[in-house]
Visitor: 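Quick one: the structure is below, and I'll ask about it shortly.
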There are 2 protein chains.
Amino acid sequence: MPVATAFPDLLREAGLRVTTPRVAVLGAVHAHPHADTEVLIDAARVEVPAVSHQAVYDSLRVLSDAGLIRRIQLPGHVARYESRVGDNHHHLVCRSCGAIEDVDCSVGHAPCLTPSDHHGFVIDEAEVIYRGTCAACRAAQTV
Amino acid sequence: MPVATAFPDLLREAGLRVTTPRVAVLGAVHAHPHADTEVLIDAARVEVPAVSHQAVYDSLRVLSDAGLIRRIQLPGHVARYESRVGDNHHHLVCRSCGAIEDVDCSVGHAPCLTPSDHHGFVIDEAEVIYRGTCAACRAAQTV
DNA sequence: CTCTTTTCCTGAACAATTCAAGAAAAGCAG
DNA sequence: CTGCTTTTCTTGAATTGTTCAGGAAAAGAG
């Protein structure tokens with residue numbers, strides 16, 4: 001994880017203007033992996049108390065479009081964000097509590113990237129979502 | 001695809017009450033793969049003109065919970081439904097127009113079901129989403 | 001046919017996100 | 001450093017897909 005002073009450079013390298021809300025949001029995403037927008041708004045306001053929620057929404061979109069962060073949107077849940085990008089990792093999602101864990105691709109070289117029939121599509125990414133039950137929820141159910 | 005008269009039996013076998021809206025919704029999902037709720041409401045009203053949208057929403061949930069249909073919810077899109085269930089197939093999604101195509105698992109035996117680190121989760125399913133651009137959208141962009 | 005339970009209808013509510021218009025700030029040229 | 005142009009932020013409201021609530025209707029069992 002980059003130190004706090006590196007966030008402005010990350011923005012500049014991506015060709016984005018360096019603004020206080022963006023630096024705060026980028027820092028918040030790095031500090032809170034898999035956090036939703038509400039958590040990120042609160043985290044950003046620790047550094048910039050007056051930041052509006054739209055500024056956070058806009059920053060999240062800009063940062064996602066620039067590839068500095070990644071948006072994770074799962075059915076039945078609000079959008080979440082993470083700072084790990086470009087390493088082809090996937091996600092493990094708990095059906096019960098919605099917890100997310102990162103997992104590296106099992107085979108290492110994107111085994112599922114070549115489906116049996118591509119239907120004329122040009123495929124550029126394969127996203128894998130593992131669903132199951134986390135240890136905490138299993139323990140809670142057993143009790 | 002089952003003939004129309006088989007839908008009530010499907011409902012009964014699943015332990016569900018057979019109602020006019022449910023039969024119409026189940027038929028609509030079979031007739032319109034990957035359709036969204038709006039399309040399914042219209043399709044159901046061809047057979048049952050007075051059906052309310054909540055009845056359709058409720059039927060879709062009940063049928064999904066019973067495993068008779070499957071809900072597909074992709075980021076940035078409304079919920080969609082399909083009638084292929086239990087065959088471990090995945091989806092190919094166009095980034096541009098949102099079109100969905102079915103694809104069978106490339107290796108055949110759920111290659112990604114065993115990630116390198118399960119983080120204490122008990123995994124019961126791996127869902128793969130291939131993202132790319134469909135032939136129609138590529139043609140449109142080239143023009 | 002009657003009764004109980006589930007489901008449907010009408011209509012309102014909700015929550016996450018987006019839109020809109022003006023004010024402020026970033027970055028650049030001089 | 002100063003002024004200018006463009007982008008971004010703020011305030012506040014709107015939108016959209018979906019869900020909630022209460023009473024009416026229908027399904028299924030006996």
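If you're wondering where the values come from, they're calculated on a predicted model, not measured in any experiment. All chains are named by letter (A, B, ...) in the order of the sequence lines, taking the proteins before the strands, and each is independently numbered beginning at 1.
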Visitor: Using whole Å, what does the distance between atom C1' of nucleotide D:dT18 and atom CD of B:Glu38 come to?
Guide: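 So the CD-C1' distance, B:Glu38 to D:dT18, works out to 13 Å.
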
Visitor: Would you mind telling me which residue lines up with the more 5' stretch of DNA chain D, B:Arg71 or B:Arg12, judged by nearest nucleotide?
Guide: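 Final value for this comparison: B:Arg71.
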
Visitor: Would you mind telling me which of A:Arg70, A:Arg71, A:His30 makes a side chain to side chain contact (heavy atoms under 4.5 Å, CB included) with A:Glu82?
Guide: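 Of A:Arg70, A:Arg71, A:His30, side chain to side chain contact (heavy atoms under 4.5 Å, CB included) with A:Glu82 is met by A:Arg70 alone.
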
Visitor: Quick check: are there more than 12 heavy atoms from other residues, nucleotides or ligands sitting under 6.0 Å from CD of A:Gln73?
Guide: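 For A:Gln73, atom CD is crowded (more than 12 foreign heavy atoms under 6.0 Å).
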
Visitor: Just to confirm, is there a sub-4.0 Å distance from OP1 or OP2 of C:dA16 to any side-chain nitrogen or oxygen of A:Thr37?
Guide: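 Result: no.
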
Visitor: State, yes or no, whether a side-chain contact exists between A:Leu16 and A:Leu68 at a heavy-atom distance under 4.5 Å.
Guide: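 A:Leu16 vs A:Leu68: side chains touch.
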
Visitor: With respect to the phosphate group of C:dT5, does any side-chain polar atom (N or O) of B:Arg17 fall under 4.0 Å of OP1 or OP2?
Guide: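 It does not, given that no N or O in the side chain of B:Arg17 lies less than 4.0 Å from OP1 or OP2 of C:dT5.
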
Visitor: So, OP1 or OP2 of C:dA25: does either fall under 4.0 Å of a side-chain N or O from A:Thr20?
Guide: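 No, outside the criterion.
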
Visitor: D:dC9, D:dT18, C:dT10: which one has an atom nearest the side-chain heavy atoms of A:Ala55?
Guide: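 Comparing D:dC9, D:dT18, C:dT10 against the side chain of A:Ala55, the answer is D:dC9.
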
Visitor: Quick check: on DNA chain C, is the nucleotide nearest A:Leu16 upstream (toward 5') of the one nearest B:Val56, or the reverse? Name the residue that is more 5'.
Guide: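 Residue closer to the 5' terminus by nearest nucleotide: B:Val56.
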
Visitor: Output the single nucleotide from D:dC9, C:dT17, C:dT7 whose closest atom is nearest the side chain of B:Arg22.
Guide: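 The nucleotide sitting nearest to the side chain is C:dT7.
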
Visitor: Quickly work out the B:Leu74 CG to D:dG17 C1' distance and round it to whole Å.
Guide: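 Rounded to whole Å, this separation is 15 Å.
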
Visitor: Nearest-Å distance, CD1 (B:Ile41) to P (C:dT10)?
Guide: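 After rounding, the reported distance stands at 13 Å.
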
Visitor: Is there a donor and acceptor pair, one atom on the side chain of B:Gln54 and one on the base of D:dT18, closer than 3.5 Å?
Guide: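 Absent.
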
Visitor: Give A:Ser52 one of three labels, base, sugar-phosphate or nothing, depending on what nucleic acid heavy atoms sit under 4.0 Å from its own.
Guide: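 Since a base atom lies under 4.0 Å of A:Ser52, the category is base.
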
Visitor: Between atom CG in A:Asp36 and atom C1' in C:dA15, what is the gap in whole Å?
Guide: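 After rounding, the reported distance stands at 13 Å.
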
Visitor: Using atom CG of B:Asp58 as one end and atom C1' of D:dA26 as the other, report the distance to the nearest whole Å.
Guide: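 It works out to 14 Å between those atoms.
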
Visitor: Which value, rounded to the nearest 0.5 Å, describes the distance between A:Leu63 atom CG and A:Ser83 atom OG?
Guide: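 Rounded to the nearest 0.5 Å, the CG-OG separation comes to 11.0 Å.
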
Visitor: How is A:Val18 classified with respect to the nucleic acid when contacts are heavy atoms under 4.0 Å: base, sugar-phosphate, or nothing?
Guide: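 Sugar-phosphate contact only.
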
Visitor: Using a heavy-atom cut-off of 4.0 Å across all strands, would you classify B:Arg61 as base, sugar-phosphate, or nothing?
Guide: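 Contact class for B:Arg61: sugar-phosphate only.
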
Visitor: If we fit an axis to the first five pairs and another to the last five of the helix from C:dC1-D:dG30 to C:dG30-D:dC1, what angle do they make, to the nearest 10°?
Guide: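 Comparing the first five pairs with the last five, the axes sit 40° apart.
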
Visitor: For the side chain of B:Thr19, counting heavy atoms from C-beta on, which of C:dC8, D:dT18, D:dT10 is nearest?
Guide: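 It is C:dC8.
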
Visitor: Side chains of A:Asp102 and A:His34: is there a donor and an acceptor less than 3.5 Å apart?
Guide: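 Indeed, the side chains of A:Asp102 and A:His34 share at least one donor-acceptor pair under 3.5 Å.
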
Visitor: In whole angstrom, give the distance that lies between atom NE2 of B:His53 and atom C1' of D:dT16.
Guide: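 Taking NE2 of B:His53 and C1' of D:dT16, I get 12 Å after rounding.
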
Visitor: Between A:Val29 and A:Leu40, is there a side-chain heavy-atom distance shorter than 4.5 Å?
Guide: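 A side-chain contact exists here, since the closest heavy-atom pair is under 4.5 Å.
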
Visitor: Answer whether the closest heavy-atom distance between the side chains of A:Leu11 and A:Val23 falls below 4.5 Å.
Guide: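 Sidechains of A:Val23 and A:Leu11: in contact.
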
Visitor: I need the CG-C1' distance between B:Asp42 and D:dG17, as an integer number of Å.
Guide: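 So the CG-C1' distance, B:Asp42 to D:dG17, works out to 15 Å.
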
